[in-house]
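Residues: numbered from 1 along the sequence shown.
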Amino acid sequence: MKVPVLIPRIFDHPHTYFSKKFGKLKTGSIVSVPFGKEEEIGVVWDKEENTNKNFKLKDIKEKKSVSLSDNLVKFINWFSLYNLAPKGMVLKMCLGDESFFSKKKETFDNSLKIKKKFILNEEQKKCLKDINNLGNKFSTTLLQGITGSGKTIVYFEKIKENISRGKQSLVLLPEIFLTNQFNQRFEDYFGFKPAVWHSKITKKNKRIIWKNIINGEIKLVVGARSSLFLPFKNLGLIVVDEEHDSSYKQDEGIRYNARDMAISRASIENIPVLLSTSIPSLETFNNVKNKKYNFTKLEKRYKNFSLPNAKVIDLKLDRKKKNIWLDPKTINLVKKYLEKKDQVLFFLNRRGYAPFIICKICGSKLDCPNCSIYLTFHKHINKAMCHHCGYKSSLNSNCKKTENNCDYQMYGPGIEKIYAELKQIFPEKKIKILSSDFLNNKKETKNLLSDIENNKIDILVGTQLISKGFNFPNLNCIVVVDADFSGMGFDLRSTEKNIQLYNQLSGRAGRFSKDSLVIYQTFNPSDETLKNILENDSAQFLEDEINLRKEKNLPPFTRLIALIISSKNEKDGILEAKKIKKNLSILKYAEVMGPVSSPIFKIKNNYRTRLLLRSRNNLFIQKDIAKILKKINLSKKIKLTVDVDPLNFS
């Protein structure tokens, strides 16, 4: 009997095999098949690929004891079609290596601990009732609540009810660094540890979790984007925490938005999906407005603590020293909080010590040989570094005007520079940096978070990472070092992202205090985005932004699909981009813009040319694009990446 088998490689179709002794195999069966000179894991697929070619068919070698559900197969098919990604590569995200299919029983530690008692307030009870009234079939609900209002407890209650029905739950988080603190919250509430899934967990842990999800033993998974592809046996609920966060968009390899795909998976599984946030993405806001999504809201902070006050400090007024970034007025305000033994956070979304390094004599800048961007100086490794390819360089370049080395001047602040300034101002205080460069292992991260929670750290210096869902009880003052709201010109969502980021950030302060403050240092106090942040009227901002997008014919009122052509040679990319555009221009209801060079033209020695396709958002144009792209004979010298609903245009 002939059987279609999808192999987890760069194929968009299954290969055909004889099932022989295995007879009729059901869709989703995991099998071992000969492929070329090797043996591959594959999955019995739902449809055979029609071909005019004659192939000598081979036999399936082995049938594994586990299989993927029909719903997961449907999800892979849909995901592949929507995101224009090969089915085999999507399947690869669902499977592990050969060891995942061993029959050896490996159990996951689900041992019970002591639970803490949590009592829902009236608002939380109302939101939970709204969610429960929608039942357990597919629905999408936005759970909106100001920062610190206790949204997590509301969806924990929904998870508890889901587990009591014998179902599995999945909670998606935008950052893997969040999982440690979230685990503790979960353990306090439920009395057992959730399974944690992200790229940094060990191969052994991945295998144990995967095996116990497919057999239904694990009831709750907390994970990053990739956990969406786990083979749940009995999934009953998906929660997307901080649904607005752009980290849900995968920008390397197969490009997809995990929030949108979570909704697709919930739809296929016919289960509810909860989107939790303080300020929703514009797409979600629009779907609530159009009654496509349900909506429930927490208006007050838990235990009625007020939101922080805000103060703007104009850096242009009193700037005596050019390379000093902390204003004396800021420091005076900060001192008052430190005297009360409160914690203070200095926020700057810039890694390293200085983003620009320029020779004082010849004016040359340190740039990356592999990418068209400047290097950032990192003091803790005493090297300049590229944030795209990881290239590192010492500061020993030959000066163009003298026979000596360049005499470099550092320009602009990074968090290491702010750390150095703070060390000089507060030498006796315990100061720590919270940034991905300084969190190298799980133990280090856990210890740092524990020290912050237990008030062993006085001052924190952090990047965007710190704005995401952390709960620090003693943090009552936040300083935004450089409130610069420029979107670099190539991000249509820059205002939306800034409003969400600073709302999240201010929500870290004053969770257990009536006296908290956010200080905005800025060179432009009259900036429109800053005014929006200070007014704290997110509904009005979203309404205005929706009208602006509609007027400009931008998402969510249109669909954008980016095609990125990468090549080692500049000309090859442009020629192939023109060829792709010519083929795509037969599409009736789409506008094909470009080709243009990417704003960051070269990354990792590849030149990048972009096309942007715009169509009506109610058209499913991907099917037509897929047919056209299949027929184009693309040069082997280029790599084509398709990005449906792009967030990053750089």
Side-chain angles (χ1 to χ4, degrees), residues 4 6-15 45-53 74-93 249-257 260-261 264 555 558-598 603 606-650:
L6 185 64
I7 288 161
R9 291 198 184 191
I10 198 160
F11 298 114
D12 199 32
H13 57 82
H15 291 68
W45 219 242
D46 56 347
K47 282 189 191 120
E48 212 175 306
E49 178 79 0
N50 295 323
T51 177
N52 301 323
K53 295 176 186 173
K74 281 179 195 163
F75 174 64
I76 293 167
N77 283 334
W78 163 254
F79 181 103
S80 161
L81 184 61
Y82 185 89
N83 295 294
L84 292 162
K87 283 180 193 148
M89 295 308 286
V90 185
L91 175 64
K92 192 177 182 179
M93 297 196 280
K249 176 74 179 183
Q250 170 127 324
D251 266 337
E252 286 179 352
I254 291 180
R255 301 191 177 206
Y256 66 96
N257 189 316
D260 298 346
M261 292 302 106
S264 297
T558 52
R559 167 158 289 129
L560 296 180
I561 297 176
L563 292 99
I564 302 120
I565 298 97
S566 308
S567 58
K568 295 287 177 197
N569 177 300
E570 230 175 290
K571 284 178 185 168
D572 290 337
I574 292 163
L575 285 171
E576 289 301 296
K578 285 177 178 172
K579 182 163 84 178
I580 294 166
K581 179 174 181 171
K582 192 179 175 185
N583 281 273
L584 288 173
S585 34
I586 63 162
L587 290 165
K588 278 184 189 171
Y589 305 105
E591 173 191 5
V592 186
M593 296 173 273
V596 294
S597 300
S598 287
I603 290 182
N606 283 306
Y607 294 93
R608 299 152 71 247
T609 305
R610 295 179 75 99
L611 294 167
L612 188 65
L613 196 142
R614 175 159 61 182
S615 71
R616 293 209 314 265
N617 68 340
N618 58 352
L619 290 177
F620 192 72
I621 203 161
Q622 286 94 318
K623 277 185 180 178
D624 296 329
I625 294 171
K627 282 176 194 167
I628 293 168
L629 292 179
K630 262 183 189 170
K631 288 176 187 169
I632 303 175
N633 186 18
L634 288 173
S635 161
K636 297 271 190 292
K637 293 176 182 174
I638 69 127
K639 180 191 172 193
L640 173 65
T641 303
V642 182
D643 188 358
V644 177
D645 308 323
L647 294 187
N648 183 347
F649 294 85
S650 61

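At distances below 3.5 Å, not a single donor-acceptor pair connects side-chain atoms of Thr609 with backbone N or O atoms of Val596.
More than 12 heavy atoms of other shown residues, nucleotides or ligands fall within 6.0 angstrom of atom NZ in Lys581. Under a cut-off of 6.0 angstrom, the local environment of NZ in Lys92 is sparse, with at most 12 non-hydrogen atoms contributed by other residues, nucleotides or ligands.
In this pair, His15 and Phe11 present their aromatic rings perpendicular. The plane angle is above 60°, beyond the 30 to 60° band.
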Worked check of side chain to side chain contact (heavy atoms under 4.5 Å, CB included) between Phe75 and Met261: CA-CA 9 Å; Phe75 174 64; Met261 292 302 106; 4.2 Å; yes
Worked verdict on Val90 versus Asn83 for side chain to side chain contact (heavy atoms under 4.5 Å, CB included): CA-CA 10 Å; Val90 185; Asn83 295 294; over 6 Å; no
Test log, rule side chain to side chain contact (heavy atoms under 4.5 Å, CB included), inputs Trp45 and Asn77: CA-CA 10 Å; Trp45 219 242; Asn77 283 334; 3.0 Å; yes
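The minimum heavy-atom distance linking Ala562 with Pro646 is given by the pair CB-CG, 4.0 Å. In this structure, Ser650 and Ser598 approach most closely via the heavy-atom pair O-CB, 3.7 Å. Nearest heavy-atom pair, Ser80 versus Ala85, reported as atom, atom and distance to 0.1 Å: OG-O, 2.6 Å. A pairwise comparison of heavy atoms in Arg610 and Asn648 identifies NH2-O, 3.5 Å as the closest pair.
Atoms CG and CD1, from Leu81 and Ile76 in turn, are 13.5 Å apart once rounded to the nearest 0.5 Å. Taking CG of Asp643 as the start and CG of Leu84 as the end, the distance is 10.5 Å to the nearest 0.5 Å. Distance CG/Asn606 to NZ/Lys568: 4.0 Å, rounded to 0.5 Å. Summarising the geometry, atom OG belonging to Ser597 is positioned 10.5 Å from atom CD1 belonging to Ile565; distances are rounded to the nearest 0.5 Å. Here the CG-CG distance, from Asn257 to Asp645, works out to 7.5 Å after rounding to the nearest 0.5 Å. With rounding to the nearest 0.5 angstrom, the CD1 atom of Ile564 is 11.5 Å from the CD1 atom of Ile638.
Inter-residue side-chain proximity for Lys47 and Pro4 is flagged as unmet; no heavy-atom pair is nearer than 4.5 Å.
When the ring pair (Phe, Tyr, Trp, His ring centres under 6.0 Å) test is applied to Tyr589, no partner is found at least two apart in sequence or on another chain.
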Using a 3.5 Å cut-off and no angle test, enumerate the donor-acceptor pairs between side-chain atoms of residues 614-636 and protein atoms at least two apart in sequence or in another chain.
from   : atom 1 : to     : atom 2 : distance (Å)
Arg614 : NE     : Glu591 : OE1    : 3.2
Arg614 : NH1    : Asn553 : O      : 3.0
Arg614 : NH2    : Glu591 : OE1    : 3.2
Arg616 : NE     : Asn618 : OD1    : 3.3
Asn617 : ND2    : Pro556 : O      : 2.6
Gln622 : NE2    : Tyr82  : O      : 3.0
Ser635 : OG     : Lys637 : N      : 2.9

